[in-house]
Amino acid sequence: MRYVSTRGQAAPRNFEAVLLAGLAEDGGLFVPETWPTLTTAEWRALRGLPYPALAARILSLFGAGDLPLQAICEDAYAGFGHPAVVPLVQLDHRTFALELFHGPTLAFKDMALQVLGRMFDHVLERRGERVTIVGATSGDTGSAAIEACRDRAAVDIVILHPENRTSEVQRRQMTTVLAPNVKNIAVQGDFDACQDLVKAMFNDAPFRAEMHLSAVNSINWARIAAQVPYYVAAALALGAPDREVAVSVPTGNFGNVLAAWVARRMGLPISHFIIGSNRNDILARFLASNDMSALPVEPSLSPSMDIQVSSNFERLLFELLGRDAAATAETMTRFRAEGRMPVPDAAWKQAAALFTGFTLDDEGTLAEIRRLWTTAGYLADPHTAVGTAAARALAPADAAIPVIVAATAHPAKFPDAVERATGIRPPLPARLADLYDREERFGVMPNDLGAIEAAVRAHARRNAA
Ligand SMILES: *Cc1c(COP(=O)(O)O)cnc(C)c1O
């Protein structure tokens, strides 16, 4: 299978090259040249597979078959806190939470990143190469990246976080990982300062080349591919391919809901896509009235969705525009310049026929957490609650269609909001219960590019000899 860029100016390449490249050199995102599809009989034959085997099978359809997928997936999900890996929990007569948060950092990004870290390592070792991953985090993505890269032989990772500006759980999830290839730096500055430092390191061409800098950001195709299998698992469990299902996904960068759309494109009968947003509701505005205009980001109780530009939307746009790369490039360029995306009416109508958007403010989010607790005895985190509220508001008229809600974070990851809503402070799962007693290791450094680059160099050189 070959991959092409949504902007048409990058040479096609295979899965492995796309995994290492992340973004295409023309600024576009990689997508499969043709979508793999399965017949009804082939979907049925996947029923009952253990999750790692199912994930390996789906990933092989995306051209990852040169990698030892079965071993990678078994290893990636071995440490998850539930034997089903992605259990379904029924919330009412037709709504099911698909729990994606049983991984090491208690949020759904582990689902893809645990696989990606191992894929990276495998490819790099075979090529005799190493990379240094650098990233900035306001809290959550840093820990998922660290857990994905810890103890990988061909990878070093340095994560910058703003000193004293993450929650203690968030900081400890990063700083208690004592693997020798992991370095945490608390920067004396805010998150923007951390992000600017990372950008400056990538823009420092000699440094970038010397360190083999890389990122594991959410535009990497392999992350999308590794998120498709859980929608397949849930749909099959609820009767697909012989029954239609709907999905409701609390959405930020559009990666998670795009993975569900990919499953549909492969032939899985997902009939409705419900997108939940907090007050940062660019996608809901787009779907309601073809208004894709960026506004300033506002903080909310669901911080992982505090995003105004959903970078993975470009992949759907490319499809809506009939895979016209020139039109996609022009649309994205105008969006960047003008802050408003000019989507042709016909393309918007096509999107609005499949996707619907729902917006929930903080008060509504707390009310939904409370309602889930009182009606179903279910403790949901604020992101998941946006998804369940959206599912209730926009469920398909045909009640025979079950709605799968992506439960994206463990309630213990956002204990303050859950306690405010229910009076109950959700405990950390047993495997993390001693988080507050573990040894932490991190450096504190000034907001100074030269000093940070020196620290990255020292860390990456540590075992280069
Ligand atoms: C990242 C994240 C989201 C948003 O996912 P996207 O793929 O960016 O749409 C939702 N909930 C949680 C808990 C997350 O960490």
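Every value quoted in this text rests on a predicted model; they were computed, and no experiment measured them. Both ligands and their constituent atoms are indexed starting at 1 by order of listing. What's counted below: heavy atoms across the whole structure, side chains too, no hydrogens, waters or symmetry copies.
Set against the non-hydrogen atoms of Gly255, the atoms of ligand 1 under 4.0 Å away are 6 (P), 7 (O), 9 (O). Listed by number with element, the atoms of ligand 1 under 4.0 angstrom from any heavy atom of Thr251 are 9 (O). Near Asn256, with a cut-off below 4.0 Å to any heavy atom, the atoms of ligand 1 are 7 (O). Of all atoms in ligand 1, numbered sequentially from 1 with element shown, those under 4.0 Å from a heavy atom of Ala409 are 13 (C).
Ring-plane geometry between Phe254 and Phe313 is classed as perpendicular, the angle between the planes exceeding 60 degrees on a 0 to 90 degree scale with a lower cut at 30.
Counting only heavy atoms from C-beta outward, the side chains of Met201 and Leu160 approach each other to under 4.5 Å.
At under 3.5 Å, a nitrogen or oxygen of Lys109, whether backbone or side chain, sits near a nitrogen or oxygen of ligand 1. Of the polar atoms of Met305, none of the N or O atoms is found under 3.5 Å from an N or O of ligand 1, judged by distance alone. Ligand 1 has a nitrogen or oxygen under 3.5 angstrom from a nitrogen or oxygen of Thr408. For the pair Gly252 and ligand 1, the shortest N or O to N or O distance falls below 3.5 Å.
Atom CZ of Arg420 has 12 or fewer neighbouring heavy atoms from other residues, nucleotides or ligands inside a 6.0 Å radius. Counting non-hydrogen atoms of other residues, nucleotides and ligands closer than 6.0 Å to CZ of Arg336 gives a total of 12 or fewer.
Note on ligand 1: Pro250 sits in its first shell, one or more heavy atoms being nearer than 4.0 Å.
In this structure, atom 6 (P) of ligand 1 lies nearest to the protein heavy atom Asn253 N, 3.5 Å. The protein non-hydrogen atom at the shortest distance from atom 3 (C) of ligand 1 is Phe108 CE2, 3.6 Å.
Screening Asn184, Thr175, Thr176 against Glu440 for a side chain to side chain donor-acceptor pair (under 3.5 Å) leaves a single residue, Thr175.
Contacts between Phe254 and ligand 1 below 4.0 angstrom, taking non-hydrogen atoms only, involve the backbone exclusively.
Salt bridge present: Arg285 and Asp291 bring a charged side-chain N and a carboxylate O closer than 4.0 Å. A salt bridge links Asp416 with Arg425: at least one charged nitrogen is closer than 4.0 Å to a carboxylate oxygen. The pair Glu319-Arg315 does not count as a salt bridge, with every side-chain nitrogen at least 4.0 angstrom from each carboxylate oxygen.
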